[in-house]
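Everything on this sheet refers to the single structure shown next.
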Amino acid sequence: MLCENVFPDASTIALLLRAAASVSGNKLGDAFHCQIVKLGFEFNLFLQTGLLNFYAKVGNLESAKRVFVEMPERDSVVHNVMISALGKQGYASDARKLFDEMPERSSFSWNSMISCYCRLGDIENARSVFDCNPLKDVITWNTMIDGYCKLGQLTLAKKLFDHMGCAKNTVTWNTMITGYVQCREFRTAISTFHEMQAQHVRPDEVTMISLLSASAHLGALDMGNWIHAYIRRRNFKIDVVLGNALIDMFSKCGCIDAALDVFYGLPKKNVFCWNSIIVGLATYGYGREVINTFIDMQTAGVKPDGVTFVGLLSGCSHSGLISEGRQYFSQMFTVYGVEPGLEHYGCMVDLLGKAGFLEEALDLVKAMPMAPNTIVLGSLLHACQVRKDAKLTEQVAEHLLDMDPRDGGNYVFLSNFYASVNRWHDVEKCRKLMVEKGVQKTPGCSSIEVDNVVHEFVAGDSSHPQFSQIKLFLDDIGKKLISLGHQVDMTPVLHDVDEEEKESAVRYHSERLAVAFGLMCTPPGKPIRVVKNLRACSDCHAAIKLISKLFERDIIVRDRSRFHHFRDGSCSCQDYW
DNA sequence: TTAGGGTTAG
């Protein structure tokens, strides 16, 4: 336009500013600023508001402030833009000062102020502005509900949600569903979605993303498949966020091929998408594919981050790729500029320890620039047990107890160790200590989805309505297993009880209850998918291998760290876990 | 000019 000597007018400049705000950085705004001066336009409210909007949107607070201060007159909209810009960058007191000075406040002003406090986690101030607000609209309620959700205060969020002064929209439902997902209440998230459907509120892409995340955590493949079909039916655009949620859901539900299909079908992939597929491949023990995908990621010009290296290193660990793991760990900062964190040391201790390089793992822990946490020491402890190094096991386990006396898992580690060397007196001491401190062992919990319902089984809990049938079925399986040569391994049992009791404690472990339920309730030949919150126990691992042969079923168990795909008497982990 | 979104070691 300028080349042809046709000069833009003020409104053209304002339109261009608006377009620039959504696509570009600060330089363009400065260029327009210069043009406005050069072309001799008067700085009226219209142009100044356009400029202010531009700077606010691209986050250039200094320039926004400059334009704001220079404005001869400021209307309510200008104030709102400024309050919102200040709020987004955490300047609550500056925003509040402007808010208090306003002669007339619109609902935009109130909402921006509440949102500003919520963003900072200052829920008391957010609530007091909310309570004073005479112009509450649906955005006001949504903002406040989200503020509680982000702090994990779900009860307060739900209270507002249930007593809203106006009709709920899609965002309201999404806020509540996402809140449940972020607080790991996945089943409530899904039941809230069913309520949303019952109220005939139309879900959108954001609803799907939260639901996919919930399904991924629960390993609820039927739900995940339903969402995938729904996304297609509604013709939702699969962008990087929705695409990533689908990749993660399929990979966490045991369908890595479907995850790969989504991944390769995405026209654009960001670091989240690459990370999800790398982490996914790692949990299946596909170490070579992890490394190849990492190489492809660099070819695609996407810079790896800390999460990428968690996937890469844990992939090497699950596949026993020791030298590759060592190499990538040593290069992660020097070559890729990613500082190793606690989680990367954790992967390395696991990788080295599992492979039997106990001294190297121990040296790495000693050389860590930060204090090791319970996960790192837990990996070390596991390594000590693999190597049957009793002295070091005891040292590490006691150190763990000192570090976190409220984590029940640590007592179990120590107690299991004492039990394995028949030190029953110490086992008893450990148990007493747990009772004294009111510590409870995290119960083993396994879930399985049957006909769209996620069934949960907790070790030692017989509340499932079909428990007695499952128990009878398991007893029957147990006999068959023994006839196939299965020898019950009771090392994972904590208590100092007689052999028979120990055996029954193992026999009713949560993963076995879930597998038995799956065998009872699904048609022959259908793969059984189970998700467990802890590591699979060694006896269950051996038993499920035999069950897969006995019943001719693929059994896919996702435990705390990886997938075990049991088929025809063996497991995809090749007993390296 | 105001509200809701995804990946992380055992």
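Atoms considered below: every heavy atom in the structure, side chains included; atoms not considered: hydrogens, waters and symmetry mates. These numbers were taken from a predicted model, which means no experiment stands behind them. Lettering follows sequence order; numbering is per chain, from 1.
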Touch class at under 4.0 angstrom, heavy-atom based, for A:Val349 against every strand present: nothing
Sugar-phosphate only, base, or nothing, as touched by A:Arg535 at under 4.0 Å among non-hydrogen atoms: sugar-phosphate
Ring centres under 6.0 angstrom apart (A:Phe309, A:Phe329): no
Donor/acceptor link under 3.5 angstrom from A:Asn373 side chain onto base of B:dA9: yes
Sugar-phosphate only, base, or nothing, as touched by A:Lys136 at under 4.0 Å among non-hydrogen atoms: nothing
Out of B:dT7, B:dG10, B:dA3, whichever nucleotide has its closest atom nearest the side chain of A:Val307: B:dT7
Separation of atom CG in A:Asp248 from atom P in B:dG6, rounded to whole Å: 11 Å
Separation of B:dG5 P from A:Gln182 CD (nearest whole Å): 6 Å
Gap between atom CZ of A:Phe99 and atom CZ of A:Arg105 - 0.5 Å precision: 4.5 Å
Nearest-Å distance for atom pair CG/P, residues A:Leu381 and B:dG10: 15 Å
Residue A:Lys150, side-chain atoms from C-beta onward, closest of B:dA3, B:dG5, B:dT8: B:dG5
Touch class at under 4.0 angstrom, heavy-atom based, for A:Arg119 against every strand present: sugar-phosphate
Length of the NZ-P vector between A:Lys532 and B:dG10, whole Å: 15 Å
Nearest-angstrom distance from the residue atom CG of A:Leu352 to P of B:dG10: 14 Å
Residue A:Asn80, side-chain heavy atoms: nucleotide from B:dA3, B:dG6, B:dT1 that is nearest: B:dT1
Of the listed nucleotides B:dG5, B:dG10, B:dA3, the one nearest the side chain of A:Arg560: B:dG10
Under 3.5 Å: donor-acceptor pair, side chain of A:Asn225, backbone of A:His228: no
Given B:dT8, B:dA3, B:dG6, the nucleotide with the shortest approach to the side chain of A:Val240: B:dG6
Contact under 4.0 Å: A:Lys252 side-chain N or O vs B:dT7 OP1/OP2: no
Nearest to side-chain heavy atoms of A:Leu342, which nucleotide of B:dA9, B:dA3, B:dG5: B:dA9
Ring-face cation of A:Lys159 near A:Tyr148 (centre distance under 6.0 Å, axis angle within 45°): no
Minimum-distance nucleotide (side-chain atoms of A:Val77 versus B:dA9, B:dG5, B:dT1): B:dT1
Rounded distance [0.5 Å steps], SG in A:Cys149 versus CG in A:Leu154: 5.5 Å
Side-chain-base donor-acceptor pair under 3.5 Å for A:Asn270 and B:dG6: yes
Nucleotide of B:dA9, B:dG5, B:dA3 approaching A:Val310 most closely (side-chain heavy atoms): B:dA9
Length of the CD1-P vector between A:Ile114 and B:dT2, whole Å: 14 Å
Any A:Ser213 side-chain nitrogen or oxygen under 4.0 Å from OP1 or OP2 of B:dT7: yes
Interatomic distance, A:Lys168 NZ vs B:dA3 C1' [rounded to whole Å]: 15 Å
Sugar-phosphate only, base, or nothing, as touched by A:Asn133 at under 4.0 Å among non-hydrogen atoms: nothing
Integer-rounded Å distance: B:dT1 C1' and A:Phe68 CZ: 12 Å
Under 3.5 Å side-chain donor-acceptor pair for A:Asp131 and A:Ser128: no
Nucleotide nearest A:Ser84 when distance is taken to its side chain, options B:dT2, B:dA3, B:dA9: B:dT2
Sugar-phosphate, base or nothing in reach of A:Asn53, heavy atoms under 4.0 Å: sugar-phosphate
Sugar-phosphate only, base, or nothing, as touched by A:Ser106 at under 4.0 Å among non-hydrogen atoms: nothing
Ring centroids of A:Phe108 and B:dT1 base under 5.5 Å with planes under 30°: yes
Closest nucleotide among B:dG6, B:dT7, B:dA3 to the A:Thr178 side chain: B:dG6
Phosphate OP1/OP2 of B:dT8 contacted by A:His344 side-chain N/O (<4.0 Å): no
Other residues, nucleotides, ligands: >12 heavy atoms within 6.0 Å of A:Arg234 CZ: yes
